[in-house]
2 protein chains.
Amino acid sequence: MAATIRDVAHAAGVSQATVSRALSMPELVRPTTRARVEAAARELGYRPNRAARGLITGRTGNLGLIVPDLSNPFFAAVVKGVQAAARAADHSVFIADTDEEAGVEADLLRALAKQVDGLILCSPRAPDDELAAVDSDSTIVLMNRRAGDRPSVTVDNADGMRQALEHLVALGHRRVAFVAGPRTSWSNTQREEGLHRSAEAGHVELVHLGHFPPQFEGGVAAADLAVASGATAVIAYNDLVALGLLSRLGARGIPVPSAMSVVGCDDIGMSAMSHPALTTVSVPKRAAGRATVGLLLSLLDAGADGSPLHRELPTQLIVRATTEVAPPTKGTTR
Amino acid sequence: MAATIRDVAHAAGVSQATVSRALSMPELVRPTTRARVEAAARELGYRPNRAARGLITGRTGNLGLIVPDLSNPFFAAVVKGVQAAARAADHSVFIADTDEEAGVEADLLRALAKQVDGLILCSPRAPDDELAAVDSDSTIVLMNRRAGDRPSVTVDNADGMRQALEHLVALGHRRVAFVAGPRTSWSNTQREEGLHRSAEAGHVELVHLGHFPPQFEGGVAAADLAVASGATAVIAYNDLVALGLLSRLGARGIPVPSAMSVVGCDDIGMSAMSHPALTTVSVPKRAAGRATVGLLLSLLDAGADGSPLHRELPTQLIVRATTEVAPPTKGTTR
DNA sequence: GTGAAAGCGCTAACAG
DNA sequence: CTGTTAGCGCTTTCAC
């Protein structure tokens, strides 16, 4: 069995309380004693039992993270960020994957709530009221979503779309299609809205293409619609969809970008590797993960005082090879 | 504050012990009492504190999972499998990402050991002796690696390579290159060995191409070597590398598969979506994750009796569009 | 069947 | 500065 605080106390010839102090608040114990305790602890390979500690302090040192789909590179990157930040702050993280099912979010939330200090809900698919209903004991921070007053970390989706659209307009595109993502995705709504606003300002026609699953297949399915829409450029909900678009366009022999420009969103690793390399709106995934942990931890420490409850990170268009000057068209607004 | 067992006991007019029994060993308490307790528990939204329970039972209901890189789709899939199986067994899982650094594996291992019942070490990069040194308090199961007597779940890498090579041989290839992955990767060693054995049996020349990072970039870097080697086909350590190969080959105007056949390994989602679609050795990632949890749990329950300590899952070649009959060559073994 | 009491490993008052 | 005491929420003897 592993060494307990008692063993260390014994070995060092002090009380358990002293061991506890020597290890957690070193300045409260005399240097010589501290040294003795530390030596004993090292000797025995003592590592405090966090569960036992949590029982009394109310802090477990654990964070929970719930994501829709780990196999989506976007979320994988977020998880890496969260995990790294948590580790730096000496916390561990529970991971849970909902498989894009809104229903299990609440379940997982409740299941984890007791074992963690705080919970990060990444891109939750559940409706607002359902999220509000979960008044867990533990602090919840939303990521990639805003719902009421719940603290959140988001990225400036609307501005990213603005950059993408302005880029296309500058290239002469006057009719642009948007391939929408999941209806229940907050990011999707934000992106749509940002696009609509910018389209009005820029005098561009925006064609809205139904809702598609945020995956490669979604893009494949949407490609023909985009072509038929008469648009000369298409902006996809995310890179996976954009990659699907590229694939189907290629299969149909429609050259990108000469006949059709394509813009993605997220800047997942794959997008730099496609042929041609994808122009995309870069989202700071890792940083968002880190920021969320930061917000959560500050909330836990300060008890919601001081620090702002919302944090919004910037997005940045990355121009690669899938966008080009618009081809001459037949009947465009001009 | 959340409801405790005391609250429930009070509400139901019984003792804490009865509540505990009614919930954990229902057959030990009279049906009417049980009903009363269950009602009270539901009423108060009572959920037992697992940390407190763990303190006494010695079981936390938590599992730990350590992977080299979450952003590698292969590991993402494994994590999904692990997570799903754990959830089905009412366990939670801690995730940790080592960023491919062998050094942090032991650290993470020790950090998590106290908080979990069992640990899954996925594709560990640390050398055997270092792994052996970690005699954590918690049960450790290796995945994608074998080291001494440690329980493990692996896939039949060698057989997968055999299938790939036989396929190429059947297509007339007589000189095949292998782009190796990380030197410290056990899978890589297995794949190399399997390949060498099959090459001898099949009278094929095998060209070994240095060690490359198991990523897209690795493949990009290896492509020119593969071409220069005079091989008519190349097998990559994994799909990411194969995709990089495809990319560089395309950039150089070398048609795949007519001038060069390419085979990957793992069958990550992306490989079906590349152009042309990648021929690859499919590895049951999710299933491996599930199997590992199964093994771990059985070990925890049975205390290592009965069930075998090693489990090997089959691999399966999937022929898609990157392999073809070998082109006529100048000076081949023939 | 059920309750009382002890105790898992640890920290937080409170004395000294 | 350090030891003593109490108790976090839960399960488990051991009586009844």
Side-chain angles (χ1 to χ4, degrees), chain A residues 1-38 40-41 44-62 90 92 111-117 137-138, chain B residues 1-38 40-41 44-62 90 92 111-117 137-138:
Chain A
M1 209 43 206
T4 82
I5 201 172
R6 271 189 58 160
D7 303 329
V8 179
H10 244 114
V14 296
S15 75
Q16 300 184 27
T18 303
V19 175
S20 175
R21 280 189 285 252
L23 265 26
S24 316
M25 319 137 90
E27 63 284 356
L28 289 190
V29 0
R30 192 193 307 160
T32 56
T33 322
R34 189 196 318 161
R36 211 139 37 88
V37 170
E38 280 167 353
L44 297 174
Y46 170 70
R47 320 219 73 203
N49 179 327
R50 307 190 76 142
R53 170 186 293 171
L55 211 48
I56 177 153
T57 60
R59 293 275 300 248
T60 61
N62 296 150
D90 198 28
S92 303
L112 283 177
K114 268 296 199 346
Q115 333 192 41
V116 302
D117 298 332
D137 326 303
S138 52
Chain B
M1 207 43 206
T4 81
I5 203 173
R6 270 190 59 160
D7 304 328
V8 179
H10 245 113
V14 297
S15 74
Q16 300 184 27
T18 303
V19 174
S20 176
R21 281 190 282 252
L23 267 26
S24 317
M25 318 137 91
E27 63 285 357
L28 288 190
V29 10
R30 194 192 307 162
T32 57
T33 323
R34 188 196 318 162
R36 212 139 36 90
V37 171
E38 280 168 352
L44 297 173
Y46 170 70
R47 319 218 71 202
N49 181 326
R50 308 190 75 142
R53 170 185 295 173
L55 211 48
I56 175 151
T57 60
R59 291 277 299 250
T60 61
N62 296 152
D90 198 29
S92 302
L112 283 178
K114 269 297 199 345
Q115 334 192 41
V116 302
D117 299 332
D137 327 304
S138 50

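Please read these numbers as outputs of a predicted model, since none were measured by experiment. So that the names make sense, note that chain A is the first sequence line, chain B the second, and so on, each numbered from 1.
Nucleotides of DNA chain D nearest to B:Ala52 and B:Thr18 differ in position, and the one nearer the 5' end is that of B:Ala52.
Here C:dA12 presents its P atom at 12 Å from CG of A:Leu55, a figure rounded to the nearest Å. Rounded to an integer number of Å, the gap from A:Ile56 CD1 to D:dG9 C1' is 12 Å. Straight-line distance from the CZ atom of B:Arg59 to the P atom of D:dT11: 14 Å, rounded to whole Å. To the nearest angstrom, P of D:dC10 lies 12 Å from CD of A:Gln115. The interatomic distance linking B:Gln16 (CD) with C:dG3 (P) rounds to 11 Å, in whole Å. Atom CZ of B:Arg6 and atom P of C:dG3 are 15 Å apart (whole Å). In this structure, the CG atom of B:Leu28 is 15 Å from the C1' atom of C:dG3, given to the nearest Å. The distance from atom CZ of B:Arg53 to atom P of D:dT11 is 4 Å, rounded to the nearest whole Å.
Residues from residues 7-15 of chain B that place a heavy atom under 4.0 Å from any atom of DNA chain D: there are none. Listed in residue order, the members of residues 44-51 of chain A having a heavy atom less than 4.0 Å from DNA chain D come to none.
Of all heavy-atom pairs between B:Leu55 and A:Ala52, the closest is CD1-CB, 3.6 Å. Closest approach of B:Thr4 to B:Asp7, counting heavy atoms only: N-OD2, 2.9 Å. Minimum interatomic distance between B:Ala22 and B:Arg34 (heavy atoms only, all atoms of both residues): O-CG, 4.2 Å. Pairing each heavy atom of B:Gly61 with each of B:Asp117, the nearest pair is N-OD2, 2.8 Å. Taking each heavy atom of A:Ala40 and A:Ala11 in turn, the nearest pair found is CB-CB, 4.0 Å. Nearest heavy atoms, B:Gln16 versus B:Ala9: N-CB, 3.7 Å.
Taking the P atom of each, D:dT5 and C:dA6 are spaced 15 Å apart, rounded to whole Å.
A sub-4.0 Å separation between OP1 or OP2 of D:dT11 and a side-chain N or O of B:Ser20 is present. The side chain of B:Thr33 places an N or O atom within less than 4.0 Å of a non-bridging phosphate oxygen (OP1 or OP2) of C:dT2. Between A:Thr57 and C:dT11, a side-chain N or O to OP1/OP2 separation shorter than 4.0 Å is absent.
You'll find that the side chain of A:Arg21 is closest to C:dA13, out of D:dC1, C:dG3, C:dA13.
Taking OG of B:Ser20 as the start and CZ of B:Arg53 as the end, the distance is 7.5 Å to the nearest 0.5 Å.
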Can B:Arg50 and B:Asp90 be said to form a side chain to side chain contact (heavy atoms under 4.5 Å, CB included), step by step?
CA-CA 11 Å; B:Arg50 308 190 75 142; B:Asp90 198 29; 3.8 Å; yes
Verdict with reasoning, A:Val14 to A:Val19, per side chain to side chain contact (heavy atoms under 4.5 Å, CB included):
CA-CA 7 Å; A:Val14 296; A:Val19 175; 3.7 Å; yes
Walk me through whether B:Asn62 and B:Leu112 qualify under side chain to side chain contact (heavy atoms under 4.5 Å, CB included).
CA-CA 10 Å; B:Asn62 296 152; B:Leu112 283 178; over 6 Å; no
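Put simply, the side chain of B:Arg34 and the base of C:dG1 share no donor and acceptor less than 3.5 Å apart.
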